[in-house]
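Chain letters run A, B, ... following the sequence lines, proteins first and then strands; every chain starts at 1. Source: prediction; values computed, not measured.
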Amino acid sequence: MSQAAQTQEPSENTPIDMKDIVALCKRRGFIFAASDIYGGINGFWDYGPLGTELKNNLRDYWWKSMVTTPPIGPDGVPVQIVGLDSAIIQNPEVWVASGHVGGFSDPMVDCRETQKRYRADHLVILIPSDDTPWIATIEDDEDFLKARLKKVGKGKSLSDFTQKNLTEIDFSDFDKILAPDAKEKGTLTEPKEFNLLFETGIGASAQDKVTAYLRGETAQGIFINYKNVLDSCRVKMPFGIAQVGKAFRNEVNPRNFIFRSREFEQMEMEWFCHPDDAPKWFEFWKSERQKFWQTVGLNSDNILMRDHDADELVFYSKGTCDIEYKYPFTDPDFGELEGIANRGDYDLTQHQEHSKTKLEYLDPERNNEKYLPHVIEPAAGLTRGVLALLCEAYTIDPNRPSGAYMNFTPAMAPKKAAILPLTAKEEHVPLAQKLYLELREEFAIDLDIKQNIGKRYARQDEIGTPYCFTIDNDTVADGTVTVRERNTMAQERIAIDKVAEYLREKIKG
RNA sequence: GCGGGUGUAGCUUAAUGGUAAAGCUCCAGCCUUCCAAGCUGGUCACGAGGGUUCGAUUCCCUUCACCCGCUCCA
């Protein structure tokens with residue numbers, strides 16, 4: 001253990017305040033509130049110069065690990081995955097088939113007294129024949145209703161009431177309704193529709209506009225191109241299609257910085273395989289995806305592989321595992337980072353029916369068996385990944401002037417190195433400029449000349465630059481530079497012509 | 001979406017019914033041979049809109065944004 005760590009324990013048990021991370025992100029140019037100078041807009045964020053670099057690094061590594069050099073499969077052969085970039089706006093029918101439009105835009109009502117919210121179609125209303133309050137309950141099984149009546153029914157029995165769903169009741173009668181758990185009647189608000197998809201109109205003239213939707217996930221773009229890819233790219237079962245891109249959801253309540261925002265970025269891969277093999281591939285991808293997040297720098301203690309319980313599964317899912325991360329705002333609990341789902345043939349079935357296009361696969365390696373492939377979907381949030389990287393990297397250290405530093409892995413760090421002449425004098429600057437011009441061909445690096453060296457180290461600490469190369473009098477004399485390592489603040493000297501090789505090795509990890 | 005809280009510069013804080021002060025940061029210059037030193041100068045704020053008033057950052061209303069709790073997250 002280092003001396004510094006003995007005198008003042010850096011961060012291990014200090015609770016990290018999300019506010020400090022948000023402040024650093026703004027101060028150093030990682031993430032800004034969207035439309036900041038207009039007062040902001042809820043649920044949207046702009047990525048600044050460094051945030052963009054960080055996001056691109058994570059995205060590129062994902063693309064590399066999926067498409068460029070995908071993993072070796074269980075049989076020892078590299079798996080086959082191709083890339084895709086589908087349109088954000090598709091035929092609206094796509095979202096009807098996927099279930100995003102129609103079934104999920106249920107009206108909701110709020111109770112002003114208890115502040116609870118209910119789906120309007122989930123509330124059962126018992127209407128008495130006299131002018132006593134109408135009784136609302138959240139379940140319609142008989143025992144539950146009887147128990148509810150025992151409490152508030154004033155001795156009446158179930159047969160004294162007419163039973164209706166809230167959706168069948170006119171809003172003008174809402175003032176007679178006693179909401180669940182409420183003491184006063186008439187506390188329910190007017191039902192409001194929640195459609196999580198952003199609507200837009202196609203067509204320049206207002207009259208002729210056709211309603212379309214911004215995609216709520218990138219996955220559907222893959223499913224609807226499954227046949228195109230199959231017919232054009234010489235892929236065969238099993239194979240995957242990967243896509244990175246923006247998705248949009250009208251979240252009811254954007255919260256927690258970029259964790260839940262209305263515009264976000266996803267990295268999704270749909271793995272198509274024979275139904276019999278789906279469970280095997282589900283386990284394979286669970287393990288691969290876990291490794292991915294560890295490689296980009298997340299501590300395994302902060303990652304949780306959480307299999308969904310049977311009652312938590314969406315009806316079509318044959319198994320779902322969330323990869324969760326311990327964000328500061330969920331700590332000690334975890335929040336979703338990626339979901340890996342065995343979706344069966346649900347999506348292809350839906351699109352086959354709605355589009356009336358056959359999507360079955362004729363498998364020559366299985367005696368020309370015809371089947372709808374099953375799908376394993378590792379769907380990660382790119383912007384959530386960025387948030388996890390930021391949270392993981394944020395390290396409080398009272399021993400250094402910045403008070404905290406960003407402990408990114410060299411591969412993820414927005415800047416790989418900074419070239420710092422010790423002084424702004426003539427003897428140091430030209431050497432620094434020369435090194436900078438050489439290194440920038442290969443690495444994202446900074447050249448910083450102004451101000452004293454301590455301030456410049458502090459700035460690089462805060463943006464998470466792993467290495468600083470300092471040019472001093474010895475550089476002039478013997479051609480060596482100081483390497484200053486971010487986490488330990490330790491220094492060593494290496495030859496100036498070995499700097500590129502040094503960096504290359506460190507980034508490779 | 002509901003309830004509560006907050007809103008003066010990038011940050012931390014002042015003052016005031018007569019349009020705002022300071023420290024740090026930041027920028028420029030000087031100085032500086034290794035961790036936010038020093039000197040000089042400079043940029044930058046009353047979240048937005050409306051009302052009351054001769055005059056509003058201050059009082060009132062609305063709105064926006066952020067934080068906390070609930071809800072939601074297909």
Just the table, please: protein N/O against nucleotides 36-46 of chain B N/O, every pair under 3.5 Å.
unit_1	atom_1	unit_2	atom_2	d
B:A36	N7	A:P401	O	2.8
B:A36	N7	A:S402	N	3.1
B:A36	N1	A:R28	NH2	3.3
B:A37	OP2	A:N452	ND2	2.5
B:A37	N7	A:N452	ND2	3.2

Identify each atom pair where a protein N or O and an N or O of nucleotides 61-65 of chain B are less than 3.5 Å apart, giving names and distance.
unit_1	atom_1	unit_2	atom_2	d
B:A65	OP1	A:N42	N	3.0
B:A65	O4'	A:G39	O	3.1

Each nucleotide N or O in nucleotides 49-51 of chain B that has a protein N or O under 3.5 Å away: list the pair and distance.
none

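Across all strands shown, B:A56 remains unpaired; no Watson-Crick or G-U wobble contact has both distances below 3.5 Å. Under the Watson-Crick and G-U wobble criteria, each requiring two contacts below 3.5 Å, nucleotide B:G23 is paired to B:C11. Searching all strands for a Watson-Crick or G-U wobble partner of B:G69 with both distances below 3.5 Å returns B:C2. Across all strands shown, B:U63 pairs with B:G47; the Watson-Crick or G-U wobble distances both stay below 3.5 Å. Pair assignment for B:C31: none, as no Watson-Crick or G-U wobble contacts are both less than 3.5 Å.
Exactly one of A:K416, A:Q460, A:R459 qualifies for a side-chain hydrogen bond (donor to acceptor under 3.5 Å, both in side chains) with A:T465. That residue is A:Q460. Exactly one of A:T395, A:D397, A:N487 qualifies for a side-chain hydrogen bond (donor to acceptor under 3.5 Å, both in side chains) with A:N407. That residue is A:N487.
Remark: A:K26 is not in phosphate contact with B:C11, judged by side-chain N or O atoms under 4.0 Å from OP1 or OP2. Side-chain N/O atoms of A:Q451 include one lying less than 4.0 angstrom from OP1 or OP2 on B:C27.
No salt bridge links A:K415 with A:E53; every basic N to acidic carboxylate O contact stays at or beyond 4.0 Å. Note on A:E251 versus A:R262: no salt bridge recorded, every NZ/NE/NH1/NH2 to OD/OE distance being 4.0 Å or above. Classification of A:R456 and A:D448 as a salt-bridged pair fails, no side-chain N sitting under 4.0 Å from a carboxylate O.
Across the P atoms, B:C59 and B:C24 are found 31 Å apart, a figure rounded to whole Å. Of the C1' atoms belonging to B:U25 and B:U43, the separation is 12 Å, rounded to the nearest Å. Comparing the C1' positions of B:G55 and B:A37 gives an interatomic distance of 47 Å, to the nearest angstrom. Separating the P atom of B:C46 from that of B:G10 is a span of 9 Å, rounded to the nearest Å. B:C67 and B:G47 have their C1' atoms separated by 15 Å, given to the nearest Å. For the P atom pair drawn from B:G38 and B:G23, the interatomic distance equals 12 Å after rounding to whole Å. Spacing between B:A45 and B:A22 at atom C1', rounded to whole Å, works out to 13 Å. B:A21 and B:C30: their P atoms are spaced 30 Å apart (whole Å).
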Would you check, one step at a time, whether the test side-chain hydrogen bond (donor to acceptor under 3.5 Å, both in side chains) holds for A:T470 with A:Y457? CA-CA 10 Å; A:T470 310; A:Y457 283 150; 2.8 Å; yes
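One atom, CG of A:D17, and another, P of B:U12, lie 11 Å apart when rounded to the nearest Å. Separating the CZ atom of A:R484 from the C1' atom of B:C35 is a distance of 6 Å, rounded to the nearest angstrom. In this structure, the NE2 atom of A:H428 is 11 Å from the P atom of B:C34, given to the nearest Å. The CZ atom of A:F315 sits 13 Å away from the P atom of B:A74 (whole-angstrom rounding). Rounded to whole Å, the distance from OH on A:Y213 to C1' on B:A74 is 15 Å.
Sorted by residue number, the list of members of residues 320-339 of chain A with any non-hydrogen atom under 4.0 Å from RNA chain B is empty.
A:R306 contributes atom CZ, which lies 12.5 Å from atom CD1 of A:I340 (distance to the nearest 0.5 angstrom).
Here the nucleotide nearest the side chain of A:N253, chosen from B:C34, B:C70, B:A74, is B:C70. Taking every side-chain heavy atom of A:K425 into account, B:U32 is the closest of B:G1, B:U32, B:C35. Comparing atom distances between the A:L422 side chain and each of B:G29, B:C34, B:C2 picks out B:C34 as nearest. Looking at the side chain of A:K450, the nearest of the listed nucleotides B:C34, B:A28, B:C72 is B:A28. Candidate nucleotides B:C70, B:A74, B:C34 were compared by shortest atom distance to the side chain of A:L197, and B:A74 ranks first. Listed nucleotides: B:C66, B:C72, B:C35. Nearest to the side chain of A:V252: B:C72. Minimum atom distance to the side chain of A:Q491 is reached by B:C34, of the listed B:U71, B:C73, B:C34.
Looking at residues two or more places apart in sequence or on another chain, you find no salt bridge (charged side-chain N to carboxylate O under 4.0 Å, His left out) involving A:K326. Residues that satisfy the side chain to side chain donor-acceptor pair (under 3.5 Å) test with A:D474, not counting sequence neighbours, are absent from this structure. Partners of A:H351 under the side chain to side chain donor-acceptor pair (under 3.5 Å) rule, at least two apart in sequence or in another chain, are A:Q220. Remark: A:K318 pairs with no residue by the side chain to side chain donor-acceptor pair (under 3.5 Å) rule, at least two apart or across chains. Not counting sequence neighbours, A:Q350 has no partner by the side chain to side chain donor-acceptor pair (under 3.5 Å) test. Every residue two or more places apart in sequence or in another chain was checked for a salt bridge (charged side-chain N to carboxylate O under 4.0 Å, His left out) with A:E392, and none qualifies.
A donor-acceptor contact under 3.5 Å is formed by the side chain of A:D472 with the base of B:C34.
Two residues, A:R249 and A:K19, neighbour RNA chain B, and the one matched to the more 5' nucleotide by heavy-atom proximity is A:K19.
Residue A:A424 is in base contact, counting any heavy-atom pair closer than 4.0 Å across all strands shown.
Among pairs with a residue in residues 26-39 of chain A, those fulfilling side chain to side chain donor-acceptor pair (under 3.5 Å) read A:R27-A:E462, A:R28-A:E462, at least two apart in sequence or across chains.
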Can you give each donor-acceptor pair under 3.5 Å made by side-chain atoms of residues 475-484 of chain A, sequence neighbours left out, with the distance rounded to 0.1 Å?
unit_1	atom_1	unit_2	atom_2	d
A:T475	OG1	A:D472	N	2.9
A:T475	OG1	A:D472	O	3.3
A:T475	OG1	A:D472	OD1	3.2
A:T475	OG1	A:T480	O	2.8
A:D478	OD1	A:T480	N	3.1
A:D478	OD1	A:T480	OG1	2.8
A:T480	OG1	A:R493	NE	2.8
A:T480	OG1	A:R493	NH2	3.1
A:T482	OG1	A:R493	NH1	3.0
A:R484	NH1	A:D461	OD1	2.7
A:R484	NH2	A:D461	OD2	3.1

